[in-house]
Amino acid sequence: MSRYSAAEIEAKWQQAWDQAGIFEATREGDKPKYYVLEMFPYPSGRIHMGHVRNYTMGDVVARYKIATGHNVLHPMGWDAFGMPAENAAMAIGGHPKDWTYQNIADMRAQMKPLGLSIDWSREFATCDPEYYGQQQALFLDMLAEGLVYRKNAVVNWDPVDMTVLANEQVIDGKGWRSGAEVERRELTQWFFRISDMAEELLEALDGLENWPAKVRLMQENWIGKSRGLQFAFGLVDGFDGHDRVEVYTTRPDTLMGASFVGISPDHPLAKTLEREREDVAAFCAEARKGGTTAEAIEKAEKMGFDTGLRARHPFDTSCELPVYIANFILMDYGTGAIFGCPAHDQRDFEFATKYELPIIPVFEPLDGGAEPLPEAFVPAKSDKTRFVRGFAGDEVQTGEEAVNAAIEFCEANGVGQGVTKFRLRDWGLSRQRYWGCPIPVVHCAACGVVPEAKENLPVQLPYDEDGTPIDFSTPGNPLDRHPTWRDCTCPSCGAPATRETDTMDTFVDSSWYYARFTAPHAATPTDMAEAEYWMNVDQYIGGIEHAILHLLYSRFFARAMHITGHLPKKAIEPFNALFTQGMVTHEMYAGAETTREAGVSSDEEEGQVINAGRETRVKYYFPEDVIRFEFNGRPKALLRGAVEKEEIDAQNVIALNEFWEFERRRTKTVGEEDNALDVIPSAKMSKSKKNVVDPASIISAYGADTARWFVLSDSPPERDVEWTASGAEAASKHLARVWRIASEVANAPEAATPEADEALLREMHKAIDEVTKGVESFGFNAAIARLYAFTNTLARSGAGKAAKTGATLTLAQLMSPMTPHLSEDIWAMLGGEGLVATAPWPVADAKMLVDENVTLPIQINGKRRAEISVPHDMPKSEVEKIALAHDAVVKALDGAQPKKVIVVPGRIVNVVI
RNA sequence: GCCCAAGUGGCGGAAUGGUAGACGCAGGGGAUUCAAAAUCCCCCGCUGGUAACAGCGUGCGAGUUCGAGUCUCGCCUUGGGCACCA
């Protein structure tokens, strides 16, 4: 073979690894363990470049750790439950299970050629009954520990489809599918008691040193701890048993600026009033209208209703404040009631302006110190309030200080007490869906809600029992409609009973899969001995989009699993290190109209960027950028990305609601619907098909090593990388060059000059040093740049055969985490021992990293003016002497003495004149 | 509105406070070839200069330092997170 043939080589070495079984993880041996994990994919049916990048990074880490003497666990599985499968069943018939397992088979077939160091013997899908059965066992244990409970919750209810809608599925207050006005309805749902752990989940963030600061911060904000004062306003005249209104405030220092009290329409007092007064009922009905989406809230006008009730100010009993019901007050934060201080709160200010309530500043608008007031309301002569003086003297305090002083003051005066609140809510896990893990409880007329007996697990989803197909043709939960599945007996009394038909949020599935990988076939959720050995995940890699929900839920679950005896204490923070990688982007046209205007013909070359005129950039998100499906019989593809809206012709964008249905599976983080998510039909997509980079076609054209090399080479891993055809071409050429260089080593002269050998050896050790540092610090792009440089050195070196052979073997080794097949081939070609995959990582010789002679720049007043070459270990004084004798320095000094000479050994000389 | 991050050639990007622009892409020139592909060599921040060289240069403005892309402060721009959260 005289040319590098990726297809041949890659198949050959994958087979060799398989036969050697080197990626199968066992607990044997005394090597330190290392668990590397990439966020597992949703089986959409096709892998994309985002997957390639994610798994390549994980593979680099895994292979490097193998080479450095670790016992590595590197598993792969499938996040397989969720809406797309159910929608496919709805749109094209068939069963979600068949659709899913077919997709898994397809994706596995596409992933295998990448040559990943995965222990496939541990593979599972979350829709395997073996997995979700253990998840049900876990649920029952959590139920027994009080970590799960049932309560009423307000949800978006579509009265036509008779289903609960996620916030993202409510568009302009209407159900995405039915178009019916969405109602807010109270339903009984299951919840994880995650809010009880808010404090701990927050505090433990500090210990996650190897997590990106950004992710920790996002979680901190999400948990949203706040310190404030909770106290009661007494009502002047009580109403039907209500004689006080409890409020919570984070700004007790503005208490003297209170001009009204507001309560939520869902507040108990409002509900009582509603029952007895028609005008209140009418207002509350109006206020409750509209969904709970961020968009609906944004648009809603601030409305208030004066109940006529009056509240007494706790520090000024002569002051009576009106009690309003207001639509902007949420029942589920704080106490569902507030006091309004229009002078120091924008929202209260708007409300007060609208209803002509007094605006009472409590701080002077001093320079510095005091917070600025809305300009119109800075009083001519400021009224330094009694309150500020009362507890803080004349000094106007700000921020936390003022708040704490106010709390202290209030507590001392018997007005309420300081409390800590969190934004984090309990995690509602009930989904009215078929394709999810059934919640293993039974409803019994006599016993109520009864946990299913463990010996009856798994509670399996019905497939096609008794020839009764699952009915996906109509909206709602197919489990509800199933004629027999719900029927069961009560595990407690044995009487006929009904199964719970809600299934679990798919985030539950992904909250503990990392633990299951340590013992994927254990008869209990985990095997403690295995968990003790393998946990924690040493390096977790995935997309930033999971910064909050998935990672927070996993942290909660790990704690819950410890409490229920399924994980050791050390695993309550399951991911020691986290790396969030960027996306793979690619320029493209957004739709056929645009494409035609740009003058693109269909026979343009694959992947070429054709015209900059109307192109736009699309970000391919991990893990599922493109979902192919049929909708109403038409083939479509969904593309989620930052397409600039105005670039897209309206007719090319299918309805957002179709998109959201497919997105619901991954329950969007709140507010993400604002992220310009656009959807392009595949009919249009195929016309501009050249915009989609399909890993399979790249691999068949260039080979896996090229794809791997490229996705790592161009950008830092945490940043987005743009896929370009020329970049892929360059990667391919480079690998072919390395192979060629290796195959020509045999032609090198037996003996060369010792200088040439020495020089190559030094370069080699420098390369070892820098590449190792790069790989260890996720500086893959820098490591690759160093490998390019070393390759250039090697190619031009006049060293002899032995030195060149050694250098080439080392090059192959250093490249092996990124291009394992090519490296393996070169290793074998040059007589390396065994497999390069298991060969010990080369170690740089510190002595070889420093050259005998170094070039030092000479600066004069910080500007480079000359350079000298001196031995690296020459004493400072000698260096100084030589520098001062340099022509350029002598000339600049012009006979004068330098003020100062700074010599940094091996670095620089600076002469200050 | 609140919080966070990032701004370096035509492009992606290098650079423990110590020669800014490594490495790659794109571009230009050349060798090889009947020709091409492939390969190899050279140039490539801006301005002036044939050149040697000089001046300028890491978003803008200050500061610390012998020395700042890197540290501090203030702006500008872009990106991200949170949000009727009291």
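To find a chain, count down the sequence lines: A is the first, B the second, and so on, and within it residues start at 1.
- Side-chain nitrogen and oxygen atoms of N781(A) include at least one within less than 4.0 Å of the OP1 or OP2 phosphate oxygen of A14(B).
- With both ends at atom P, the span from G63(B) to G10(B) equals 29 Å, rounded to whole Å.
- The partner of G49(B), taking Watson-Crick or G-U wobble pairs whose two distances both stay under 3.5 Å, does not exist in any strand shown.
- Side-chain atoms of R865(A) and base atoms of U19(B) include no donor and acceptor less than 3.5 Å apart.
- In this structure, T855(A) reaches the bases: a heavy-atom distance under 4.0 Å links it to at least one base atom across the strands shown.
- The side chain of S726(A) lies closest to C25(B) when the candidates are A86(B), U19(B), C25(B).
- Contact between the side-chain N/O atoms of Y333(A) and the OP1/OP2 oxygens of A86(B) is found at a separation under 4.0 Å.
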Chi angles and distances behind the side-chain contact (heavy atoms from CB on, under 4.5 Å) call for V247(A), F231(A): CA-CA 6 Å; V247(A) 303; F231(A) 69 100; 3.4 Å; yes
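- For C11(B), the paired nucleotide is G24(B), the pair qualifying as Watson-Crick or G-U wobble because both relevant distances are below 3.5 Å.
- Here the side chain of R737(A) is nearest to one of C56(B), A86(B), C40(B), namely C40(B).
- Among the atoms of the strands shown, base atoms are found under 4.0 Å from some heavy atom of V904(A).
- Nucleotides C4(B) and G13(B) place their C1' atoms 23 Å apart, quoted to the nearest Å.
- In this entry U19(B) has no Watson-Crick or G-U wobble partner, no candidate having both defining distances under 3.5 Å.
- Straight-line distance between the P atoms of A15(B) and C23(B): roughly 14 Å, to the nearest whole Å.
- In this structure, of C23(B), C42(B), U19(B), it is C42(B) that holds the atom nearest to the side chain of R796(A).
- Checking A38(B), U19(B), C66(B) against every side-chain atom of K733(A), the shortest atom distance belongs to A38(B).
- Rounded to a whole angstrom, the distance from the C1' atom of G55(B) to that of C66(B) is 22 Å.
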Does the side-chain contact (heavy atoms from CB on, under 4.5 Å) test come out yes or no for V52(A) and F710(A), once each step is laid out? CA-CA 10 Å; V52(A) 173; F710(A) 176 78; over 6 Å; no
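- To the nearest 0.5 Å, atom CG of residue L202(A) and atom CZ of residue R216(A) are 12.0 Å apart.
- Side-chain proximity of R423(A) to the nucleotides C66(B), C85(B), G24(B) is greatest for C85(B).
- Both distances falling under 3.5 Å, in either a Watson-Crick or a G-U wobble arrangement, place U39(B) opposite A31(B).
- Between atom CG of residue L229(A) and atom CZ of residue F339(A) there is a gap of 8.5 Å, rounded to the nearest 0.5 Å.
- With G12(B), U19(B), C23(B) as the candidates, the nucleotide lying closest to the side chain of P857(A) is U19(B).
- G69(B) and G17(B): their C1' atoms are spaced 11 Å apart (whole Å).
- With contacts defined as side-chain heavy-atom distances shorter than 4.5 Å, the pair E718(A)/F778(A) does not qualify.
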Run the side-chain contact (heavy atoms from CB on, under 4.5 Å) test on R865(A) and V911(A) for me, step by step, so that the C-alpha distance in whole Å, both residues' side-chain angles and the decisive distance to 0.1 Å come before the verdict. CA-CA 10 Å; R865(A) 287 291 181 248; V911(A) 181; over 6 Å; no
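- At a threshold of 4.0 angstrom between heavy atoms, the contacts of Y788(A) are confined to the sugar-phosphate backbone, with no base atom among them.
- Nucleic acid contact class of I329(A) (heavy atoms, under 4.0 Å, all strands): base.
- Ranking C3(B), C66(B), G55(B) by closeness to the I902(A) side chain, first place goes to C66(B).
- In this model, the phosphate group of C56(B) is approached by a side-chain N or O of K863(A) to a distance below 4.0 Å at OP1 or OP2.
- In the set A86(B), C3(B), A14(B), the nucleotide with an atom closest to the side chain of P716(A) is A14(B).
- For G9(B), the base adopts the syn conformation, since its glycosidic angle falls within 90 degrees of zero.
- R740(A) has a side-chain polar atom (N or O) that falls below the 4.0 Å cut-off from OP1 or OP2 of C40(B).
- Using the Watson-Crick or G-U wobble rule with both distances under 3.5 Å, C2(B) pairs with G81(B).
- Listed candidates were G18(B), G24(B), C82(B). Nearest to the side chain of N910(A) is G18(B).
- Salt-bridge check for E763(A) with R786(A): passed, with a basic side-chain N closer than 4.0 Å to an acidic carboxylate O.
- Here D348(A) lies out of heavy-atom contact (under 4.0 Å) with every strand.
- With both ends at atom P, the span from G67(B) to G57(B) equals 16 Å, rounded to whole Å.
- Nucleic acid contact for A782(A): none, since no nucleic acid atom lies under 4.0 Å from a heavy atom of the residue.
- As the counterpart of A62(B), U72(B) is assigned, both hydrogen-bonding distances of the Watson-Crick or G-U wobble pattern falling under 3.5 Å.
- Going from the C1' atom of G21(B) to that of C56(B) covers 15 Å, rounded to whole Å.
- Taking only side-chain atoms of R864(A), from C-beta outward, the nucleotide of C23(B), U19(B), A86(B) with the closest atom is U19(B).
- Phosphate contact (OP1/OP2 of A5(B), side-chain N/O of K214(A), threshold under 4.0 Å): absent.
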Decide side-chain contact (heavy atoms from CB on, under 4.5 Å) for V901(A) and V909(A); before the verdict, give the C-alpha distance in whole Å, the side-chain angles of both, and the deciding distance to 0.1 Å. CA-CA 7 Å; V901(A) 180; V909(A) 180; 4.2 Å; yes
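- Straight-line distance between the P atoms of G49(B) and U33(B): roughly 40 Å, to the nearest whole Å.
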